[in-house]
Amino acid sequence: MSTKPGAVVDALAASQAVRSGATSAIEITQTALAHIAARNPALNAFTAVTAERALAEADAIDRQRKRGETLGPLAGAPFAVKNLFDIKGLVTLAGSKIDAERPPAAADAFILRKLNDAGAILVGALNMDEYAYGFTTENTHYGAAHNPHDLAHVAGGSSGGSGAAVAGGLVPIALASDTNGSVRVPASFCGTFGLKPTYGRLSRAGTRPFVASLDHLGPLTRTVGDLAASYDAMQGADPNDPACAGRPVEPAFPILEHGASGLRIAVLGGHFAGSGIAAEAVATAAKALAATRKVEIPEAARGRAAAFVISASEGADLHFADLKSRAQDFDPMTRDRFLAGALIPAGWVLRAQRFRRWYREQVLALFREVDILLAPATPCPAPRIGQETIEIDGVAVPMRPFIGVYTQPLSFIGLPIVAAPLRQPGGLPIGVQIIAAPWREADALRVARALERGGVTNAEPALG
Amino acid sequence: MADPIDLEAYVDAAAELVGMPLDPAHRPGVVLNLGRIAQMAALVMEFPLPDDTEPAPVYQP
């Protein structure tokens, strides 16, 4: 269940140990809380630890077991959520100072409740970029999240606390949001698995929005089994999220071992060709999957651009009252982007929304010929905290906006994607995106599992 | 819109139009970021879309 005392790094294994009586939910929770207390000061992944609630939830699980009741699939497994998820009784910060003035949340977010229903134990809230507008979690108000593989490097963002918490062995499951890459970027930089499901699959009710047109939620884990089990537990219709498509629950876990056979897998070229370590990671995954075909998504750079414009505009509109009256209270890392977003001509945004429709048609046509596309998750491994530029093909580009170059054109049209971690010996991790057609999360998870089983991925935690 | 001088004038006028006074300390960062957004928007705006391409909203009456 753990590779080192003090860390719970596999949710399903922990849950199995609780079911069999090898350990109790209370013991696992106490172990996780002790590990968080020991490791979090260095990582700054958690902004709140819900110890009292966690112990009460664990006690309830242990009582259920004593009564002989059937336990949920994640019974006793600790998890934590990005601090834009509502946690009943806590103020939802969304990485901001401004929201700290809000009243405590009256109820838990929908998918948090779903994980609780599956028996998982909430242990706290996680650090993030202010209002999810960033790729590095260099949060001025609450401090930067540190990469467990090298503390001088960023954990990625905007869900950096989620990446650091899973990679550091603080929790086996962390929930996050992904508007332009905020699940996949921290998964890549921290060397964990991450799932961004299809847009509209999981309810976003009870989470602080960023860009309603593009916001998704999803889990980060160390194993594909935990990724699929937590995803399955969170599925379900919810009228409280108008974008939730209300699809029937389509469990992925039962077919996880079907492998990649029968799936037509291609590597994305063109905009997604990448270079250096990012391209090598994709080549390694492609080789393991015997994927030789190369295809291109037409106009992907424009897709990224359109997502960029829509994000700036919708994000600014959401926070417009505060931008007008108290811009000085925003994080300097996000403030000027939010202010600029409030000044965008309407025509740019409307055209970007229409372009989204056109671009979607092109990509859906591609999925008539292939089932899975492979691409880098990030252009490079985690940069250093405070770094301003990264070098791409010998050219220095501004680091922070460029990190999303491969994630943004895909979340733009809501495709389901697993980020799978690869690692060069002695190097920092880097992720590969396993991209499936809409509503085909299970295909991407099957391929991720095939890579994991083949020893291609490496999600070993950095336990410090 | 790529000319930084044009952008400064636009930022000042647009900020006044929407009633969002800018702190002079924030203005250079806003101009820089609007410049980045403008570059992205140019990529979208120059692409010829068919007239019958409608957006894909989730609104359902």
Side-chain angles (χ1 to χ4, degrees), chain A residues 199-200 212-213 241-245 298-299 301-313 316-317 320-328 330 332-345 347-361 398 401 408 413-414, chain B:
Chain A
Y199 181 80
S213 291
D241 175 0
C244 186
E299 305 295 346
R302 290 188 216 279
R304 177 191 173 222
F308 198 99
V309 173
I310 291 168
S311 297
S313 179
D317 172 63
F320 189 56
D322 290 327
L323 290 169
K324 275 171 81 162
S325 63
R326 52 189 302 191
Q328 73 282 0
F330 281 74
M333 297 296 285
T334 69
R335 182 193 58 224
D336 297 350
R337 269 182 294 151
F338 272 123
L339 289 167
L343 307 179
I344 296 176
W348 294 359
V349 185
L350 294 172
R351 185 71 65 86
Q353 285 284 9
R354 285 180 57 222
F355 180 80
R356 186 186 192 193
R357 180 65 161 269
W358 179 90
Y359 180 69
R360 167 186 177 271
E361 300 303 327
Q408 265 185 301
I413 43 167
Chain B
M1 291 303 294
D3 185 335
I5 296 167
D6 288 347
L7 268 182
E8 284 183 20
Y10 175 83
V11 162
D12 290 341
E16 197 173 328
L17 177 66
V18 301
M20 186 181 75
L22 286 180
D23 185 322
H26 302 162
R27 191 167 166 271
V30 176
V31 171
L32 174 79
N33 278 284
L34 194 68
R36 278 189 190 143
I37 294 167
Q39 283 176 1
M40 293 288 183
L43 279 177
V44 178
M45 297 303 286
E46 74 188 16
F47 185 77
L49 273 183
D51 285 350
D52 61 358
T53 301
E54 294 187 7
V58 292
Y59 171 73
Q60 287 166 342

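Residue numbering restarts at 1 for every chain, and letters A, B, ... go by the order of the sequence lines. Here the structure is a predicted model, which is why all the values come from computation and not from measurement.
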Problem set entry | Side chain, backbone, both or neither of Y199(A) within contact of chain B (heavy atoms, under 4.5 Å) | side chain
For this session: Against chain A, label L32(B) side chain, backbone, both or neither, depending on which of its atoms sit under 4.5 Å from a heavy atom there.
Result: neither
Problem set entry | Most chain A-contacting option - heavy-atom pairs closer than 4.5 Å, from A14(B), A13(B), A41(B), A42(B) | A41(B)
Exercise. Can you tell which of R304(A), E361(A), R337(A) has the highest number of heavy-atom pairs within less than 4.5 Å of chain B?
Worked result: R337(A)
For this session: Please flag which part of F308(A) lies under 4.5 Å from any non-hydrogen atom of chain B: side chain, backbone, both or neither.
Result: side chain
Exercise. Okay, side chain of R302(A), backbone of V44(B): is any donor-acceptor separation there less than 3.5 Å?
Worked result: no
Problem set entry | Taking every non-hydrogen atom, the tightest pair across A312(A) and I37(B) | CB-CD1, 3.7 Å
Exercise. Is any side-chain heavy atom of L49(B) less than 4.5 Å from a side-chain heavy atom of R357(A)?
Worked result: no
Seminar exercise, completed: chain A shares the most heavy-atom pairs under 4.5 Å, among L17(B), V11(B), V18(B), with V18(B)
Exercise. Relative to chain B, which segment of R335(A) carries a heavy atom at a distance below 4.5 Å: side chain, backbone, both, or neither?
Worked result: side chain
For this session: Grab the two heavy atoms, one from M45(B) and one from G347(A), that are nearest each other, plus how far apart they are.
Result: SD-O, 4.0 Å
For this session: Heavy-atom pairs under 4.5 Å with chain B are the metric here; pick the option from A340(A), P398(A), A342(A) that has the most.
Result: A340(A)
Problem set entry | Side-chain donor or acceptor of R354(A) paired with backbone N/O of P50(B) under 3.5 Å | yes
Exercise. Are any non-hydrogen side-chain atoms of D336(A) and V31(B) less than 4.5 angstrom apart?
Worked result: no
Problem set entry | Side chain proximity check, D23(B) to Q328(A), heavy atoms < 4.5 angstrom | no
Exercise. What residue, out of G19(B), P21(B), A25(B), has the most heavy-atom pairs lying under 4.5 Å from chain A?
Worked result: G19(B)
Exercise. Would you say the side chain of M40(B) lies within less than 4.5 Å of the side chain of W348(A), judging by non-hydrogen atoms?
Worked result: no
Problem set entry | Criterion side-chain contact (heavy atoms from CB on, under 4.5 Å) on M20(B) and F320(A), from CA distance to verdict | CA-CA 9 Å; M20(B) 186 181 75; F320(A) 189 56; 3.9 Å; yes
Seminar exercise, completed: Under 4.5 Å to a heavy atom of chain B? For F338(A) that would be neither
